[in-house]
Amino acid sequence: MVLELDAKIPEGDLDTLWEKHKFDMKLVNPNNKRKFDVIVVGTGLAGASAAASLAELGYNVKAFTFHDSPRRAHSIAAQGGINAAKNYHGDGDSVFRLFYDTVKGGDYRSREENVYRLAEVSLNIIDQATAQGVPFAREYGGKLDNRSFGGAQVSRTFYARGQTGQQLLLGAYQSLARVVGLGQVEMHTRTEMLDVVVKDGRAVGIVTRNLITGEIESHSAHAVVLATGGYSNVYYLSTNAMACNATAIWRAHRRGAAFANPCYTQIHPTCIPSAEEFQSKLTLMSESLRNDGRIWVSKKAGDDRKANEIPENERDYYLERRYPAFGNLVPRDVASRNAEAMINEGKGVGPLKNGVYLDFADSIKRLGEDTIRERYGNLFEMYERITDENPYEVPMRIYPAPHYTMGGLWVDYHLMTNIPGLYAIGEANFSDHGANRLGASALMQGLADGYFVLPYTIGNYLAPMLGEPLVPTDDVAFTEVESEVTERTNHWLSIKGTRSADYFHRELGKIMIAHCGMSRNEAGLKQALIEIPALYEEFKKDVKVLGSAETFNQSLENVQRVDDYFQLAELMCLDALKREESCGGHCREESQTEDGEALRNDDDFAYVAAWEWTGDPGKAEVTKEPLDFKYVKLSQRSYK
């Protein structure tokens, strides 16, 4: 079966497209909004902003999070900043330049129309957050300050020291808390979505498990919004919080939602290197550090000297050497691949030789330690606590790690999946970043979707449904899914194997990082597609889950998430195998320029790969949505 995908791209000029389309969409009368129920799953930046905005408009909203508070969402971990085309520095920025940089940064694998809208509404996000009291950094004269991020030659990143995500989430949370207090949002904490309910071809609700009591419950709505983040934890070691998972979007995929570009994953270049094999998480160091830090290794392979013992003329500032126009602020995929190349040449640093240096000595000398402390003090403190090394005195050690996923559920211009009534926003969708996300654009997309896009587009879907009652939760559509969820839950408890889900997750991560990580090749991907199913079969026979289903049980939570990761991992490798080109974070070793840069194949691969569930992730079927570029000229990316 071939999916029928309609991106619903409106006609018109790019610079007026969104404004005109807002006028053309159907509206729901303010007094009628209270007649519609909307479910929002996830309460990070995208989910919290969407739930708060929809409730303020008058819709009845149910919000779900598996945390004990929306403030625990992983959005708090974003450090460096949020992009917006305000051009406060007068350095040549504009909506079109942000649009262009984002399309180019994504290596020309995203829809122009979606990206332009993102750049356009970025202006509103800063005003909204400032009005909420988000404490953005300011210049001496009182204006909001900006700094630079990778992939841009202008300063457009607004920031709150090294805590931008946390401060933005607090702003969204206080808006959400207001409408919770008014009774317009029904908040369900410690509740995990385990399936989507589809009736007559449209999404009508979800089935959840209460993580404290184990109770399986159904919830009905006129529309369901997934804002549950990405899937980098498929690699086991990533910068994501350990609870982050792909279950919500994967269960939606199994119900018929197309999964787009799953192989597009981002390896972040500035993370603290792993210290041992049994480490369970990696820690992000903000990309903002590349504003003032210089990345280098020794010119000599196998150099065991301490950093401060290596003289300047024996250091290789390889990004500055290879990319003089952008230097240390090249996009993440470029910085990551170059770091990997240096380590593969035997120039790695640290006890395990698995890092490169990020050195602030020049900036401290030029600007003074107080200025660097003011800009990055909390990041330096976090680094020292983890490594017991003082970055004011010695260079940081950094290494790339899985961080963000550009792939996700396929959505149209309205952010709706191919299942009517099921929306995906923020990192849960594939919409805006192509094959590589630029730094400081994740926060921008999450808040754009939640505050300024979904509240308009969801009304266009709901307006014709006025007067339609909710599907009751005792309807067969709900009871069948509840039974499936219960049966699946009890199945894992019945296996009584010998190894934990974490053991299998770690082994899966090793396969993924080796064969579908920073670089991929045909032989490695084919090997992964042999190893993953074999390990999955062992997992299904030998995993051990402790406890029972009728109580708080993290072992039971984890095994179901790992089960989803196995299936997703197979689809990621299949997608990577079929995409025989290099683009952004997807680097096929067979497709590189003479000097080792990613080499796209626009004739054969300028499309979105939307995969359909067939019951076997290794036999998924793909539908291709062609990408049409009218405003940005396709060219080989160059940051030199």
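It should be emphasised that the depicted structure is a prediction, and the values quoted were computed from it without experimental measurement.
- A cation-pi arrangement is found for Arg579 relative to Tyr607, the charged atom lying closer than 6.0 Å to the ring centre and inside a 45° cone about the ring normal.
- A distance of 11.5 Å separates OH of Tyr236 from OH of Tyr565, quoted to the nearest 0.5 Å.
- Remark: Glu276 CD is packed, more than 12 non-hydrogen atoms of other residues, nucleotides or ligands lying under 6.0 Å away.
- Within 6.0 Å of atom NZ in Lys353, more than 12 heavy atoms from other residues, nucleotides or ligands are found, so the atom counts as buried in its surroundings.
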Walk me through it: do Gln445 and Asn429 pass the test side-chain contact (heavy atoms from CB on, under 4.5 Å)?
-> CA-CA 10 Å; Gln445 185 210 348; Asn429 73 35; 3.1 Å; yes
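- Without hydrogens or angle criteria, Thr623 side chain to Leu3 main chain gives a donor-acceptor distance under 3.5 Å.
- Asn601 places no side-chain N or O within donor-acceptor distance of the main-chain N or O of Phe605, the cut-off being under 3.5 Å.
- You'll find the side chain of Tyr116 reaches within 4.5 Å of the side chain of Val95, heavy atoms only.
- Between Trp296 and Tyr317, the two ring planes are tilted [angle within 30° to 60°].
- With a 4.5 Å cut-off on side-chain heavy atoms, Asp449 and Leu454 do not count as touching.
- Between the side chain of Ser582 and the main chain of Ser591, a donor-acceptor pair closer than 3.5 Å is present.
- Around atom CZ of Arg315, more than 12 heavy atoms belonging to other residues, nucleotides or ligands sit under 6.0 Å away.
- Closest non-hydrogen pair, Ala401 versus Leu282, comes out as CB-CD1, 3.3 Å.
- Looking at Arg588, its side chain never comes within 3.5 Å of a backbone N or O of Leu599 through a donor-acceptor pair.
- Here Phe259 and Trp611 keep their ring centres 6.0 angstrom or further from each other.
- Across all their heavy atoms, Asp575 and Ala609 have their closest contact at OD1-CB, 3.6 Å.
- Across all non-hydrogen atoms, the minimal contact from Leu529 to Leu574 is CD2-N, 4.0 Å.
- The closest donor-acceptor contact from the side chain of Asp616 to the backbone of Ala620 lies at 3.5 Å or more, if one exists at all.
- When atom types are taken as modelled, the side chain of Gln567 and the backbone of Asp564 share no donor-acceptor pair closer than 3.5 angstrom.
- The pair Arg109-Asp107 does not meet the salt-bridge criterion, since no charged nitrogen lies less than 4.0 angstrom from a carboxylate oxygen.
- Using a distance-only test at 3.5 Å, with no hydrogens or angles considered, no donor-acceptor pair links the side chain of Tyr383 to the main chain of Pro391.
- Between the side chains of Thr157 and Asn146, no donor N or O sits under 3.5 Å from an acceptor N or O.
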Show your reasoning for whether side-chain contact (heavy atoms from CB on, under 4.5 Å) applies to His89 and Val154.
-> CA-CA 8 Å; His89 279 214; Val154 296; over 6 Å; no
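- Residues Asp602 and Phe629 fail the side-chain proximity criterion, which asks for heavy atoms closer than 4.5 Å.
- With hydrogens and angles disregarded, no donor-acceptor distance shorter than 3.5 Å links the side chain of Arg332 to the backbone of Ile267.
- Using a distance-only test at 3.5 Å, with no hydrogens or angles considered, a donor-acceptor pair links the side chain of Asn436 to the main chain of Gly105.
- Between Arg437 and Glu427, no side-chain nitrogen of the basic residue sits less than 4.0 Å from a carboxylate oxygen of the acidic one, so the salt-bridge criterion is not met.
- If you check the side chains of Ser110 and Asp432, you find no donor sitting under 3.5 Å from an acceptor.
- Listed here is the closest heavy atom pair of Gly355 and Pro273: CA-CG, 4.1 Å.
- Both cation-pi conditions hold for Arg147 and Tyr159: the charged atom is under 6.0 angstrom from the six-membered ring centre and inside a 45 degree cone around its axis.
- Counting only distance, with no hydrogens or angles, the side chain of Thr405 and the backbone of Ser232 share no donor-acceptor pair below 3.5 Å.
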